[in-house]
Amino acid sequence: MKWEKLISNKRLGQEDRHPERHDDRSEFKRDYDRLIFSAPFRRMQNKTQVFPLPGSIFVHNRLTHSLEVASVGQSLGTDVARAILKKRPELAETLFPEIGTIVAAACLAHDMGNPPFGHSGETAIQTFFTEGKGSYLKKRVSPSFWSDITHFEGNANAFRILTHRFKGRRPGGFAMTYSTLASIVKYPYASSLADGKKQKFGFFTTEADYFQKIAEELELPSVPRIEGSSEPVLPGFETDVCFRRHPLVYLVEAADDICYEIMDIEDAHKLKLISFDDTRRLLLGFLPQEMQKDIDKRLKEEGVADRSEQVAYFRACVIGVLEKACVDAFVANEESILAGTFAGSLTGNMPERECKAYRRCVKFSHENIYVSKPVLDVEFGGFKIMDTLLDVMIEAVVNPSRYYSQRLMGVVSSQYDINSPDLETRIMAVIDYISGMTDVYALDFYQKITGLSLPKV
């Protein structure tokens, strides 16, 4: 792969258009601004990140998480560009210096496809079709569509939101630049090649042609299947080719990894799910002893006695250390990243101290945070709500001529093709509608269709 081809400001759906510009913003800054002001981005304000919302203690939601990831991503991209330009000054005359803005925009969009109630929402959609009442539909839909919905993945749904031509929308969806779109797709292959355990893939069958077009334009190499996968390629799939990741995906992934792991620990401390001593031990484990002593000295000199403020200071220091480590990992592995042979993630290729500290945090989080009562309460409640909504709405689109079906389908936004003569399109319209809900809207709709709440007169 070559940077000169990888960084393109061509817009999906507007390849032949050259609109008049009235300001000096770059095309990638326009991507960023377009996302910030979009409805799907705003809705993330009321979508669960990990802990239940809202509460008396502020914790992260999908929107605040995405803003923080974009901030770290901007730093990662800018610092990588600066380092690589020292080695390859000829890239200064290309679009390469703008990779910080590209990564920041991709970070804003990376969670836009996540359904309500965090990862339990994804699982609810998958299992409704594999284990729940929707399992009978396997015989009524194509193998590729069945694979898409039974592997439902927020990353693939984000790409759909940004590229799909929903009713009343212009071609190319958000009409984002090719490079920003490619930087969002962590798993650049179809669901037919998804790993059976991780359920990960990058685009639905309906958007496969869009990614193929982007990959060809940016010259992302294709490979026949996922290396190391034991999953068979089933007959009847339209897309069975996967691609090498766009290099900037590694920076988006690193920004996300840094933020969610560190911020989940800070949030857990705020909620008193973990002690100050455990929090301090986990966060300061990323830092050398001398730096730890300097932090203790500075906090004492400045009279910072509040433990939440101390944790916030630890967190800021740790993010700085991890950002630098990931920049160094990217620059050191630039050649293998461009060759498509780089293995793992940037956080997995940091120096030994940072890697060990990161693994400790991951292990601690899985054993103490993600199985805590508040998190499990969201998972249980969210799963039930999502399963019920899917049950009622899928039944409606499978039997659209029924009176109650027509009433239910009438509440769906006109951008979703809920009245299509094609069953797969109607089912996907239901998934689009439900996955786009906020937690509060999903709960309210659930209470109404189950009769748990009625309008007040």
Side-chain angles (χ1 to χ4, degrees), residues 1 3 5-13 25-38 40-41 44 62-81 84 95-114 153-164 172-189 200-203 207 210-211 213-215 217-218 220 243-260 323 326-327 330 337-338 342 345-347:
M1 291 178 276
W3 286 117
K5 293 295 296 184
L6 289 166
I7 311 301
S8 169
N9 59 10
K10 183 180 289 188
R11 292 191 175 278
L12 185 68
R25 289 180 299 161
S26 72
E27 294 304 313
F28 307 119
K29 181 60 168 64
R30 292 177 191 278
D31 283 348
Y32 186 96
D33 294 344
R34 196 167 289 185
L35 290 165
I36 280 281
F37 288 96
S38 70
F41 183 78
M44 289 197 292
R62 288 282 176 190
L63 186 140
T64 52
H65 167 73
S66 297
L67 290 170
E68 290 174 349
V69 174
S71 176
V72 174
Q74 177 88 53
S75 297
L76 286 167
T78 300
D79 290 348
V80 163
I84 291 178
L95 293 171
F96 179 78
E98 296 193 56
I99 66 172
T101 305
I102 299 172
V103 174
C107 287
L108 284 183
H110 83 285
D111 269 355
M112 280 175 55
N114 285 70
E153 216 280 319
N155 190 252
N157 201 39
F159 187 76
R160 175 177 171 81
I161 289 170
L162 294 175
T163 61
H164 188 73
F174 276 50
M176 305 290 283
T177 62
Y178 280 27
S179 291
T180 297
L181 287 170
S183 299
I184 292 165
V185 182
K186 289 176 64 176
Y187 316 103
Y189 43 84
K200 301 294 187 182
F201 69 105
F203 43 83
E207 287 74 55
Y210 286 137
F211 193 83
K213 185 176 185 178
I214 292 167
E217 173 69 22
L218 304 182
L220 302 179
F243 297 88
R244 301 296 185 189
R245 276 182 167 188
H246 190 289
L248 297 188
V249 171
Y250 289 102
L251 297 178
V252 176
E253 179 183 49
D256 188 30
D257 288 347
I258 290 169
C259 287
Y260 82 74
E323 191 271 342
C326 287
V327 168
F330 188 98
I337 289 172
L338 290 174
F342 179 71
S345 63
L346 295 179
T347 54

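FYI, side chains are in, hydrogens and waters are out, and symmetry mates aren't considered; it's all heavy atoms of this structure.
Side chain of H110 to backbone of C107: a donor-acceptor contact under 3.5 angstrom is found. The backbone N or O of I184 lies less than 3.5 Å from a partner atom in the side chain of N155, making a donor-acceptor pair. At distances below 3.5 Å, at least one donor-acceptor pair connects side-chain atoms of R11 with backbone N or O atoms of A175. Panel note: side chain R34, backbone F174; a donor-acceptor pair is recorded below 3.5 Å. Side chain of D31 to backbone of T180: no donor-acceptor contact under 3.5 angstrom is found. Checked by atom type and distance alone, the side chain of R62 never pairs as donor or acceptor with a backbone atom of M112 at under 3.5 Å.
Separation of atoms CG (L12) and CG (L181) is listed at 6.0 Å; rounding is to 0.5 Å. The CG atom of L76 lies 11.5 Å from the CD atom of E253; values are rounded to the nearest 0.5 Å. Rounding to the nearest 0.5 Å gives a distance of 9.5 Å between CG of L95 and CD of E27. Here the CZ atom belonging to F342 is positioned 9.5 Å from the CZ atom belonging to R245, to the nearest 0.5 angstrom. Separation of atoms OG1 (T78) and CD (E98) is listed at 10.5 Å; rounding is to 0.5 Å. The OH atom of Y32 sits 10.0 Å away from atom CZ of F37, with the distance rounded to the nearest 0.5 Å.
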ask   = Please walk me through it: do L6 and L338 pass side chain to side chain contact (heavy atoms under 4.5 Å, CB included)?
value = CA-CA 10 Å; L6 289 166; L338 290 174; 3.7 Å; yes
task = Let me see the working for T347 and D256 under side chain to side chain contact (heavy atoms under 4.5 Å, CB included), right down to the final yes or no.
result = CA-CA 10 Å; T347 54; D256 188 30; over 6 Å; no
key: I84 vs F330, side chain to side chain contact (heavy atoms under 4.5 Å, CB included): CA-CA, chis, key distance, verdict   = CA-CA 10 Å; I84 291 178; F330 188 98; 4.0 Å; yes
message = side chain to side chain contact (heavy atoms under 4.5 Å, CB included) for L220 and H246? Distances and angles first, verdict last.
response = CA-CA 7 Å; L220 302 179; H246 190 289; 4.2 Å; yes
inquiry  = Applying side chain to side chain donor-acceptor pair (under 3.5 Å) to S75 and E323, what does each step give before you reach the verdict?
reply    = CA-CA 8 Å; S75 297; E323 191 271 342; 5.0 Å; no
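Between K5 and E217, the shortest heavy-atom contact is CE-O, 3.5 Å. Across K29 and T101, no two heavy atoms sit closer than the pair N-CG2, 3.6 Å. Taking each heavy atom of A104 and Q74 in turn, the nearest pair found is CB-OE1, 3.5 Å. Minimum heavy-atom separation, T163 to F159: OG1-O, 2.7 Å. Between V249 and S183, the closest heavy-atom pair is CG2-O, 3.5 Å. Taking all atoms of both residues into account, the shortest heavy-atom contact from L35 to A105 is CD1-O, 3.2 Å.
A 4.5 Å side-chain heavy-atom check between S26 and N9 finds every atom pair outside the cut-off. Considering only heavy atoms from C-beta on, W3 comes within 4.5 Å of P247 through its side chain. Contact of the L67 side chain with the F41 side chain is registered, since non-hydrogen atoms from C-beta on lie closer than 4.5 Å.
Side-chain atoms of T177 and S179 form no donor-acceptor pair, as typed in the model, at a separation below 3.5 Å.
Proximity of the aromatic rings of F203 and Y210 is defined here by a centroid distance below 6.0 angstrom, and this criterion is not met.
For S71, there are no side-chain contact (heavy atoms from CB on, under 4.5 Å) partners at least two apart in sequence or on another chain.
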